[in-house]
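Everything quoted here is computed from the prediction, not taken from an experiment.
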Amino acid sequence: MYVVSYGKLFALPLSILLLLLMVGTGGYHLIEGWNLLDSVYMTLITLTTVGFGETHPLSPAGQVFTIFLLMGGVLMYAFAINDFVHHLLKHNFKEFNQKMKMEKYISQLRNHFIIVGGGRMACVIGRHLETYSQPFVFIENSSNATLFQERPDWPHLLKDALLDETLEEVGIEKAKGIACCLPTDADNLFVVLSARRLNPGLQIHTRIQYESSRMKMLQAGADHVISPNTLGGLQVARSFVHPDIESFLSVFRDTGLYEFDMKIEKMEPGSPRLGIKLREAKYREENYLVIGIKKSGGRMVFAPPADYILKENDEVFLLGPDPAPAAG
């Protein structure tokens, strides 16, 4: 990128230099009658202002020609230096300004999500969080990652996530959750251990490459462990055995393609719906359908009855209309 940029920057000065060299060589040959070598040599020492002295004594016409050739060389140098300095300052200032803005944004993050890695899975997570207006920041140590090819404008830190100071720099103590999407299970395990130690209340999700790593991740402190290979295999198998069911489930996986919203409402102390029956919770009036309820003990109740009484720490899974449907 920089090679191309600087190549374009020097293209014009070099072209002018070549033109002056040709004009000077031709001028000395025509005015003074010098041979090619002497004409080129005199032109070069004039343009470079080295002060070696004249190759041969100059006639008055040759002296006037040399004056204009010397002025052309000085102007060419001035133009090249000015253009180079302007480009350098503009480029460095823009880069510095962008870096400062990003660092300021990251330092002000609260209740955000940290995405470790910059591969395809990490970018999918970023797009989904962006859709729901959730604050997030990436940690990636390779400038060649997919992240920088697709969305270099996303907040990121180009550093090693295995270092505690990197996690602290993205505000892990103030973060809501972290997604570990590094290529190897060993690196993800290391990040999970560090993240749990730095923020015991953090929500930690991690991917695994090998199913044998699942238990280690859970023991290290991960809340959710995802195996893309296993999930992909199950999806293919389900589409073979139960194609209709798999088509229905794809609606919930690809929510970005449909105009509906999915959310979870937790029955916190003081919630207006706490302690009342489901039929009286007025979800229908808000155009939401209750899919299921996750009880405080972890048991899931699908299609709960209308007389179910909402209890503290119950999590109600709701399906409803898109809060901001697409225009048209």
*Glu32: what forms a salt bridge (charged side-chain N to carboxylate O under 4.0 Å, His left out) with it, not counting sequence neighbours?*
none
*With Ala195, which residues qualify under side chain to side chain contact (heavy atoms under 4.5 Å, CB included), at least two apart?*
Ile172, Ile178, Leu202, Ile204
*Kindly determine whether Ile291 and Leu318 satisfy side-chain contact (heavy atoms from CB on, under 4.5 Å), including the steps that lead there.*
CA-CA 6 Å; Ile291 301 173; Leu318 302 167; over 6 Å; no
*What's the shortest heavy-atom distance between Gly118 and Cys123, and which atoms?*
O-SG, 4.1 Å
*Evaluate the side-chain contact (heavy atoms from CB on, under 4.5 Å) criterion for residues Ile114 and Phe138: first the C-alpha distance (whole Å), next the side-chain angles of each, then the deciding distance (0.1 Å), finally the verdict.*
CA-CA 6 Å; Ile114 301 169; Phe138 282 84; over 6 Å; no
*Less than 4.0 Å between a side-chain N and a carboxylate O, is that true for Arg207 and Asp185?*
no
*asked:* Walk me through whether Trp34 and Met42 qualify under side-chain contact (heavy atoms from CB on, under 4.5 Å).
replied: CA-CA 10 Å; Trp34 295 347; Met42 185 63 185; 3.6 Å; yes
*Return the set of residues passing side chain to side chain contact (heavy atoms under 4.5 Å, CB included) with Ile276 (not counting sequence neighbours), or none when no residue passes.*
Arg273, Glu280, Ala281
*Tell me whether Val137 is reachable from Ile115 by hopping between hydrophobic residues (I, L, V, M, F, W, Y) whose side-chain heavy atoms are closer than 4.5 Å.*
no
Using atom types as modelled, flag every donor-acceptor pair under 3.5 Å from a side chain in residues 292-302 to any protein atom, sequence neighbours excluded.
none

*Residues Lys266 and Glu312 bridged, charged N to O under 4.0 Å*: no
*Any chance you could measure Ser142, atom OG, to Leu158, atom CG, to the nearest 0.5 Å?*
7.5 Å
*Flag this pair as yes if the NZ/CZ of Lys282 is under 6.0 angstrom from the six-membered ring centre of Tyr288 and inside a 45 degree cone about the axis; otherwise no.*
no
_Modelled atom types, side-chain donor and acceptor of Glu211 and Thr230, under 3.5 Å_ = yes
*side chain to side chain contact (heavy atoms under 4.5 Å, CB included) with His29: which residues, sequence neighbours excluded?*
Ser39
*When you look at Glu140 and His156, which way does the side-chain contact (heavy atoms from CB on, under 4.5 Å) test go after all the steps?*
CA-CA 7 Å; Glu140 171 57 54; His156 63 269; over 6 Å; no
*If you count the non-hydrogen atoms of other residues, nucleotides and ligands that lie under 6.0 Å from CZ in Arg197, is the total more than 12?*
yes
*Would Arg151 and Glu130 pass as an ion pair if we require N to O under 4.0 Å?*
yes
*Examine distances only and state if a side-chain atom of Asp160 and a backbone atom of Leu163 form a donor-acceptor pair shorter than 3.5 Å.*
no
*Mind checking salt bridge (charged side-chain N to carboxylate O under 4.0 Å, His left out) for Asp223 and listing every partner two or more places apart, or none if nothing turns up?*
Arg196
